[in-house]
Amino acid sequence: MRIYNTLTHRVEEFVPHNPDEVTMYTCGPTVYHFAHIGNLRTYIFEDIFEKSLNYLGYPVKRCMNITDVGHLSSDSDTGEDKMLKGAKREHKSVLEIADFYTKSFRTDFEKLNNRWPALVSPATQNIEEYIKIIERLLEKELAYIAGGNVYFDTSKLADYYVLTNHKEDEMVVGVRAGVEEDQNKRNQADFVLWFTKSKFDDQELKWDSPWGYGYPGWHIECSGISMKYLGEYLDIHCGGVDNIFPHHTNEIAQSEGFLGHKWCNYWVHGEHLNDQSGKMSKSKGEFLTVSLLEEKGYNPISYRFMCLNSHYRKQLVFSYEALDNATQAYQKLLNKVRALGTEEKEIGTEEYQEKFKNALADDLNTSLALTILYDVLKSNLEDAQKRFLVASFDKVLSLNLLVEEEKTLDGELEAYIHQKIEERNQAKKEKDYAKADNIRNELLEKGITIKDTRDGTTYEVK
RNA sequence: GGGUCCGUAGCCAAGUGGUAAGGCAUGGGACUGCAACUCCCUGAUCGCUGGUUCAAAUCCGGUCGGGCCCUCCA
């Protein structure tokens, strides 16, 4: 498999430490509010990545954190704490907020057919890990204490900006409004590992530490959780592009400072979903959640389809036109697949399996992978072979291509529909088309769509 | 100011040197009592401009337009 590595700025051949257990860490959400579909785009990409690795023969051990504490809106100890803000907004405790939004995140995550990682760990349950790391960093003099907080000393590293081509003296501090420089820091890029003194003394969650009662900095949690669950040699670390700097840059600094050797070989980042005006955010424009799409009558999987039609490293602009487009295409695809019958036959499908694998192995070229799916449907293969391939591809695509609509109709409704269809067919025979159309409309109003096929009349219940 | 990415038909989009995949929409046709579904047909010299080359959407330069990052973010 070839994948783009942010560390080298190139597409590279993927070589894991151990092909029998690829380790993958993906940054999770801060659970202070609902996730919007832009947030979820990254998780769709990560899911496709994980499943592609599986499809290509690599078992994956994946871990994800849940940020449920002290995520300040800046490393300078300024701005607001997201969790506290969420709690205040809803008059609940931080833990209640975390619990509620973790659950709703998981619901949305799974509605998009993302596989929930086996290892998911909240930041608040790994405090001892962070303390262990910080202690070692202090011993090695890679960290220092100032103003009651523990900071990482970025000047001790030969190359702090490994992921970006930033040059420190050319960077502008406070490009964004509301960012102030923390006077305790020795270097501009230093960041907090542990807070005891903060503008946010009303922090609800605090723990004892060698440096006093306080709470961890944001970046340390991913290093701690990752090393705790996946060991000290990580194959893949994923996240959204916005995490490249400073979050992932800082993770590398502290993890490698702690370990004393290279930590993770492949850094893979997903691009953003934008709206017409640029970056999507929770505070401006329409707050696009999975639930909102559902309220508007969209199947969340249509959104997944829309994402797969694009490339994870390309910005995608959300519009209802694009989503409608995807919805239409997805429905047509389902119709075609459902006409294939139920038998599966593997023999003779190797060529297409190979093509599909090649598309995935080429830096996750999902739109090409979808094209191969269309090629299969148009090919001269037998229906059973096509069906086998669709089933196989859907292990990665996860578009519910073979999931029949499991509408459990009660017998009464079913009998009613059959009776109406019978009446309509009778009317058609007698060329009483007005009556036939009336029956069809009557059923349609109840969400039942009639289809006349060569083998008789079928129906679909919405 | 620094960094980085992108610009292919109405829309989504593949293609990184050999003469433009695929999907949706549109228009036409087959099927149907009509419709839906399905099937067939239907469209672009690749932002603009120089250059390299026998050959460029693909490489190099310039230019225009747009996104993102430079301590909230997926």
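Each chain gets a letter, A, B and so on, in the order the sequences are listed, and its residues count up from 1.
- Distance NE2 (A:H166) to C1' (B:C5): 13 Å, rounded to an integer number of Å.
- For the P atom pair drawn from B:U49 and B:U58, the interatomic distance equals 12 Å after rounding to whole Å.
- Contact annotation: A:T371 side-chain N/O to B:A14 OP1/OP2 distance is not under 4.0 Å.
- To the nearest whole angstrom, the two C1' atoms, one in B:G3 and one in B:U8, are 27 Å apart.
- The aromatic rings of A:Y151 and A:Y144 sit parallel to each other, their planes meeting at less than 30°, with 60° as the upper class boundary.
- Nucleotides B:G43 and B:U4, compared at atom C1', are 35 Å apart to the nearest Å.
- Look at A:R313 and A:D363 and you find a salt bridge, because one of the NZ, NE, NH1 or NH2 atoms lies within 4.0 Å of a carboxylate O, short of that distance.
- Across all strands, A:F245 comes closer than 4.0 Å only to sugar-phosphate atoms, never to a base (heavy-atom distances).
- Following rounding to the nearest Å, A:L316 (CG) and B:G67 (P) show an atom-to-atom distance of 16 Å.
- Counting all heavy atoms, side chain and backbone alike, A:E271 lies closest to A:R41 at O-NH1, 3.4 Å.
- Protein atom CD of A:Q315 is 14 Å distant from nucleotide atom P of B:C12, rounded to whole Å.
- B:C12 atom P lies 19 Å from atom CG of A:L368, rounded to whole Å.
- Heavy atoms of A:G239 sit under 4.0 angstrom from primed sugar atoms or phosphate atoms, though from no base atom.
- Look at the C1' atom in both B:C60 and B:G17: the space between them is 13 Å, to the nearest Å.
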Each nucleotide in nucleotides 23-28 of chain B should get exactly one letter: B, S or -. Can you fill that in based on protein heavy atoms under 4.0 Å? BBS---

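- A gap of 12 Å separates the P atoms of B:A36 and B:A25, to the nearest Å.
- Counting any heavy atom pair closer than 4.0 Å across all strands shown, A:A339 reaches no nucleic acid atom.
- At the heavy-atom level, A:H269 lies nowhere under 4.0 Å from the strands shown.
- Pair check for B:C34 finds none; no Watson-Crick or G-U wobble contact set falls under 3.5 Å.
- A:M306 comes within 4.0 angstrom of no nucleic acid atom, judged by non-hydrogen atoms across all strands.
- A straight line from CG of A:L333 to C1' of B:G22 spans 12 Å, rounded to a whole angstrom.
- The CD1 atom of A:I66 sits 11.5 Å away from the SG atom of A:C27 when rounded to the nearest 0.5 Å.
- Comparing A:E271 and A:N165 by the nucleotide of RNA chain B whose heavy atom lies nearest to each, the residue mapping closer to the 5' end is A:N165.
- Between B:U19 and B:U32, the two C1' atoms lie 44 Å apart (nearest whole Å).
- For the P atoms, the distance linking B:C48 with B:G10 amounts to 13 Å, nearest Å.
- With sequence neighbours excluded, the residues that form a side chain to side chain contact (heavy atoms under 4.5 Å, CB included) with A:Q328 are A:K332.
- Taking the six-membered ring for Trp and thresholds of 30 and 60 degrees, A:F152 and A:F191 have nearly parallel ring planes, at less than 30 degrees apart.
- Counting distance only, with no hydrogens placed and no angle test, the side-chain atoms of A:R440 and the base atoms of B:C34 include a donor-acceptor pair under 3.5 Å.
- Taking a 6.0 Å sphere around CD of A:E423, one finds it holds more than 12 heavy atoms contributed by other residues, nucleotides or ligands.
- In this structure, OH of A:Y312 is placed 16 Å from C1' of B:C6, rounded to the nearest angstrom.
- Atom CZ of A:R313 and atom C1' of B:G67 are 16 Å apart (whole Å).
- Here A:D437 lies in heavy-atom contact (under 4.0 Å) with a base.
- At whole-Å resolution of the value, NZ in A:K279 and P in B:C6 are 19 Å apart.
- Of the side-chain N and O atoms in A:K314, none sit less than 4.0 angstrom from OP1 or OP2 of B:C12.
- Within the structure, a side-chain polar atom (N or O) of A:N365 is placed less than 4.0 Å from OP1 or OP2 of B:G15.
- Of the P atoms belonging to B:A20 and B:G67, the separation is 33 Å, rounded to the nearest Å.
- Mapping A:S367 and A:N39 onto RNA chain B by nearest heavy atom places A:S367 at the nucleotide closer to the 5' end.
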